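Reckoned from all heavy atoms, side chains included, excluding hydrogens, waters and symmetry mates. Just so it is clear, the structure is predicted and the values come from calculations on it, not from any experiment.
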Amino acid sequence: MAVTAVTSAALSVLRALAYVINRPRCGRRQRSWRDMDTERSAVTVIGLGQMGSALAATLVERGHPTTVWNRSAEKAQPLVDRGAVQAATPEEALAASSLIIVCVLDYDALHATLDPVAGSLAGKSLVNLTSGSPEQAQEVAAWARSHSADYLDGAIMTTLPGVGSPEMMFLYSGSRTVLDTHRPALEALGDPLHLGAEPGLASLYDAALLGLMWATMTGWLHGTALVGAEKIEATSFTPVAIRWLSAVTGFLTTYAAQVDAGHYPGDDATVDVQIATIDHLIHAAAARGLDNALPELLKVTMERTRDAGHGSSSYASVIEVLRKGEGEGEGAGGA
């Protein structure tokens, strides 16, 4: 009898453990993205260039019923093979979903596609990921409003392999309602960062961040060429460069507050010191036959800053000569 009781108790414990191990998570069984198609919002993607195709493929992979349209219809076939639905016309594409994502070559292509079917945009959420200027984004936002569409402008801050990664930023500006309503679909593409209600902000940030990228990469390439002249491989130099960039980010944080305040105390290193130091770079590069256009441009900009009265200020004071018509006053904003 005791043995039977123990055995019965043991079986009860095992059944309980089995239930705990195998119970549905969050109150329901686990399913694949494709199993949850009925729970995920439908999305239309217009434009199937390399980036548009990557956006659509990611949405399909994450279980969003995805309709696609492209002027060259054959580009849709790989996506159809993966589960997307190909619309025969732009009107059909717009009718398929409340969320419309447009990623085409330029704004001329956007208007060529959407102007003839603008009447079908009423009540839709239009997310424009086409690259362009802030002014173009503002113009399309007004155009979308005139056709009763809710507009969100966006900028994709990654290359193709980064689409779908939560580490990659997608910048948005315009209607916050569009982002909040369609967050699951937009989060599938990357980390959505809303910059504000002004539609042109995403394009403005995009331009600013691309400038930062090009300046950074060109500086790294110049440094790589410099050490490479002494047979040092880029793969040996780059880890040191990346560690240095982590220190540079600290400078940016410090200088950002100075820029906002318009006050540039030269507590760390003054512009005069930077001018003297960059001469070492220019000499070392010239001695090894390198193109010195970049460091010479930087030196000229520093000298203009010094001549504007900021020789004893921090490097952040360079912004005064980058702003047209500013930085001419002697000592303006200095230490």
Side-chain angles (χ1 to χ4, degrees), residues 36-48 51-60 62-70 79 84-87 89-104 107 109-132 134 136-157 163-164 169-203 205-206:
M36 295 189 287
D37 278 357
T38 57
E39 298 176 13
R40 294 187 172 270
S41 59
V43 185
T44 288
V45 177
I46 292 178
L48 300 178
M51 185 57 76
S53 293
L55 299 173
T58 299
L59 290 165
V60 170
R62 302 295 171 86
H64 289 273
T66 304
T67 299
V68 297
W69 183 86
N70 192 72
L79 292 162
V85 174
Q86 182 176 7
T89 64
E91 294 98 325
E92 185 179 317
L94 296 182
S97 315
S98 62
L99 174 60
I100 313 298
I101 296 177
V102 181
C103 185
V104 292
Y107 277 73
L110 183 150
H111 280 294
T113 301
L114 294 183
D115 280 359
V117 295
S120 299
L121 284 170
K124 303 292 184 179
S125 294
L126 179 61
V127 176
N128 179 25
L129 296 177
T130 302
S131 295
Q136 287 175 312
Q138 291 162 354
E139 181 271 324
V140 171
W143 172 85
R145 285 194 300 271
S146 73
H147 294 287
S148 302
D150 210 1
Y151 182 82
L152 184 66
D153 199 76
I156 304 169
M157 305 309 297
V163 175
M169 289 190 302
F170 276 58
L171 305 180
Y172 294 105
S173 57
S175 171
R176 182 64 186 248
T177 300
V178 172
L179 176 57
D180 291 341
T181 301
H182 300 285
R183 182 174 290 276
L186 298 177
E187 281 185 338
L189 303 176
D191 183 21
L193 180 60
H194 191 261
L195 301 172
E198 168 54 51
L201 283 175
S203 292
Y205 269 67
D206 182 38

Roughly how far, to the nearest 0.5 Å, is OH of Tyr205 from CG of Leu193?
8.0 Å

In terms of heavy-atom contacts, Val163 and Ala54 come closest through CG1-O, 3.8 Å

Sub-3.5 Å donor-acceptor pair from the side chain of Ser175 to the main-chain atoms of Tyr151, do we have one?
no

What are the two closest heavy atoms between Arg183 and Pro192, and how far apart are they?
NH1-CG, 3.8 Å

Between Thr66 and Val68, does a side-chain contact (heavy atoms from CB on, under 4.5 Å) hold up when you go through it step by step?
CA-CA 6 Å; Thr66 304; Val68 297; 4.0 Å; yes

If only atom types and distance count, is the side chain of His64 paired as donor or acceptor with the main-chain N or O of Ser41 below 3.5 Å?
yes

Considering the options Leu152, Leu110, Val104, Ile100, which one meets the side-chain contact (heavy atoms from CB on, under 4.5 Å) requirement together with Asn128?
Leu110

Say you draw a straight line from OG of Ser125 to CG of Leu99; how long is it, rounded to the nearest 0.5 Å?
6.0 Å

Over all atoms of both residues, closest heavy-atom pair of Ala96 and Ala42:
O-CB, 4.1 Å

Testing the basics here: between Ser173 and Pro199, what is the closest heavy-atom pair and its distance to 0.1 Å?
OG-O, 2.7 Å

Quick check for you: to the nearest 0.5 Å, what is the distance between Leu179 atom CG and Glu187 atom CD?
8.0 Å

Step by step, would you call Leu55 with Phe170 a side-chain contact (heavy atoms from CB on, under 4.5 Å)?
CA-CA 12 Å; Leu55 299 173; Phe170 276 58; 3.9 Å; yes

Test item: Arg62 side-chain N/O and Gly164 main-chain N/O as donor-acceptor pair under 3.5 Å:
yes

Any idea which heavy atoms bring Cys103 and Leu129 closest together, and the distance?
SG-O, 4.0 Å

Would Val102 and Trp69 count as a side-chain contact (heavy atoms from CB on, under 4.5 Å) here? Give the steps.
CA-CA 10 Å; Val102 181; Trp69 183 86; over 6 Å; no

Judged by atom type as modelled, is there a donor-acceptor pair below 3.5 Å linking the side chain of Thr44 to the main-chain atoms of Ala93?
yes

Rounded at 0.5 Å granularity, tell me how far CG in Leu171 sits from CG in Leu195.
5.0 Å

Taking it one step at a time, do Val43 and Ile101 satisfy side-chain contact (heavy atoms from CB on, under 4.5 Å)?
CA-CA 7 Å; Val43 185; Ile101 296 177; 3.8 Å; yes

Between atom CG of Asn70 and atom CD1 of Ile46, what is the distance when rounded to the nearest 0.5 Å?
10.0 Å

Does Arg176 reach the main-chain N or O of His194 with its side chain, forming a donor-acceptor pair under 3.5 Å?
no

Show the nearest heavy-atom pair for residues Gly200 and Ala137, with the distance to one decimal.
CA-CB, 4.1 Å

Distance, nearest 0.5 Å, that separates CG of Asp150 from CG of Leu121:
11.5 Å

Under a 3.5 Å distance rule, please check whether Ser148 uses its side chain to pair with a backbone N or O of Ala122 as donor and acceptor.
no

